[in-house]
Amino acid sequence: FHYFLETDYIGQQTEQIALKNGVELVLDLQGKTYEAVNTRIFHISGGSALTVMDSGEKGTMRSAGTGGKSGVILFATGATVKLMDGTLEAVKNETPVTTGGVLYLSSNSVFTMEGGTITGGLTSGDGGNIYADASSITITEGVIENGVSGNRGGNILIGANCDFTMSGGTVSGGQAAKQGGNIRLNYSSTDVTVSGGTIMGDMTVYSAKSFTLSGSPKILMGNSAGLILGDGIDASAGNANLKLTLDGLNPDAEIYISA
């Protein structure tokens with residue numbers, strides 16, 4: 001079903017909104033702001049699907065979340081999430097969530113980003129803005145920015161058995177206490193393809209099944225340890241068997257390599 005956000009809302013949401021048993025929801029922010037105080041907004045499971053769009057301007061979903069709970073905007077297990085437009089923003093508070101400051105994905109969830117902005121996540125553990133485990137992420141447009149992780153993956157942490165594909169959009173401004181200020185690729189069961197878009201900051205490949213660079217990506221940094229491609233694809237410890245493929249890069253690609 002299709003829901004239109006008619007007015008701004010800022011207040012205490014008594015409990016998270018649960019989408020389950022195959023429910024499909026299209027949420028149009030219509031330029032309005034929905035801000036939940038100290039509460040996760042959505043928990044999506046059981047084959048359900050959520051699409052967020054914004055037919056107006058500057059539509060925003062915002063939450064400070066609850067300390068210890070992951071995914072203050074969206075927590076998805078076995079679900080499908082699409083962001084077409086609008087902003088998903090986590091408000092930093094004194095008690096950061098554990099993992100996935102804005103979006104947490106697990107159990108074969110699928111996340112597609114076709115526009116909009118994800119920003120402001122703060123975690124004590126991995127994945128300042130997004131944490132993914134056994135799930136897939138596809139980014140074609142949009143901005144993921146300013147996530148802060150107390151461990152790894154300031155903007156995005158890609159865990160085991162994941163697929164990560166980026167053909168457009170921008171990932172920037174992430175900070176992590178350890179590796180992967182922007183993106184951390186963590187397990188040898190993960191397939192990664194970057195064919196476009198811009199990654200500004202360090203991108204650490206600790207381990208991955210395959211990593212393919214093609215098209216016209218811009219990966220801009222080059223000051224970390226180990227093998228660094230652009231933004232910092234750090235192929236140091238744990239990467240002895242990494243399959244790195246450069247396939248059909250265009251002349252306008254910007255891949256900076258340093259050792």
Side-chain angles (χ1 to χ4, degrees), residues 40-41 61-76 81 83 87-106 109 111 113 117-137 139 142-162 164 166 169-187 190 192 194 197-208 219-221 223-226 228 230-239:
R40 177 191 295 145
I41 297 179
M61 276 202 297
R62 182 184 297 126
S63 176
T66 301
K69 287 188 176 180
S70 303
V72 301
I73 306 294
L74 303 171
F75 185 95
V81 178
L83 178 60
T87 296
L88 307 182
E89 179 182 3
V91 179
K92 295 180 177 64
N93 60 22
E94 295 179 358
T95 308
V97 301
T98 307
T99 52
V102 174
L103 174 61
Y104 182 97
L105 304 164
S106 68
S109 290
F111 174 60
M113 187 171 186
T117 300
I118 294 174
T119 186
L122 172 65
T123 62
S124 59
D126 294 332
N129 273 323
I130 299 174
Y131 178 90
D133 179 68
S135 297
S136 71
I137 295 176
I139 302 170
V143 176
I144 301 172
E145 63 181 9
N146 301 333
V148 178
S149 166
N151 196 29
R152 304 167 298 181
N155 274 315
I156 305 172
L157 189 288
I158 308 296
N161 300 308
C162 288
F164 177 80
M166 183 174 178
T170 300
V171 182
S172 67
Q175 301 176 51
K178 294 184 179 178
Q179 297 155 321
N182 269 311
I183 302 174
R184 161 87 175 193
L185 304 167
N186 213 40
Y187 286 91
T190 295
V192 181
V194 180
T198 300
I199 301 169
M200 299 181 67
D202 73 300
M203 180 179 186
T204 302
V205 181
Y206 180 77
S207 186
I219 306 179
L220 311 170
M221 192 170 126
N223 64 354
S224 299
I228 300 162
D231 208 305
I233 298 173
D234 180 358
S236 53
N239 261 325

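Along the sequence shown, the residues carry numbers beginning at 1. Computed from heavy atoms alone, side chains included, the values below leave out hydrogens, waters and symmetry copies.
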Looking only at heavy atoms, which two atoms of [X] and [Y] are closest? And how far apart?
X    : Y    : value
A90  : G101 : CB-O, 3.8 Å
G153 : A176 : N-CB, 3.8 Å
A132 : C162 : O-SG, 3.7 Å
S124 : P96  : N-CB, 3.9 Å
G127 : S149 : N-OG, 3.9 Å

What pairs with R62 under salt bridge (Lys or Arg N to Asp or Glu O under 4.0 Å), at least two apart in sequence or on another chain?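 Counting only residues at least two positions away or on another chain, R62 forms a salt bridge (Lys or Arg N to Asp or Glu O under 4.0 Å) with E35, E89.
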Once rounded to the nearest 0.5 Å, what's the spacing between atom [atom1] of [X] and atom [atom2] of [Y]?
X    : Y    : atom1 : atom2 : answer
R184 : Y131 : CZ    : OH    : 11.5 Å
L105 : L103 : CG    : CG    : 4.0 Å
M113 : L83  : CE    : CG    : 5.0 Å
D126 : N151 : CG    : CG    : 4.5 Å
I158 : S136 : CD1   : OG    : 10.0 Å

When you compare the side chain of [Y] with that of [X], does any pair of heavy atoms fall below 4.5 Å?
X    : Y    : value
F111 : I118 : yes
I41  : M61  : yes
F164 : I156 : yes

Kindly say whether T123 contributes a backbone atom to a donor-acceptor pair with the side chain of T98 at under 3.5 angstrom?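 Flag not set: sc T98 to bb T123 has no pair under 3.5 Å.
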Quick one: does any side-chain atom of S135 pair with a main-chain N or O of S109 as donor and acceptor, under 3.5 Å? yes
Between T117, I199, I144, T198, which is the residue that forms a side-chain contact (heavy atoms from CB on, under 4.5 Å) with T170?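 Of the listed options, the one satisfying the test is T198.
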Taking only residues two or more places apart in sequence or in another chain, which ones pass side chain to side chain donor-acceptor pair (under 3.5 Å) with N155?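 N155: side chain to side chain donor-acceptor pair (under 3.5 Å) contacts with N129, N182.
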Checking N146 now: which residues fulfil side chain to side chain contact (heavy atoms under 4.5 Å, CB included) with it, not counting sequence neighbours? T119
Any residue meeting side chain to side chain contact (heavy atoms under 4.5 Å, CB included) with A160, in chain and number order, not counting sequence neighbours: D133, Y187, S189
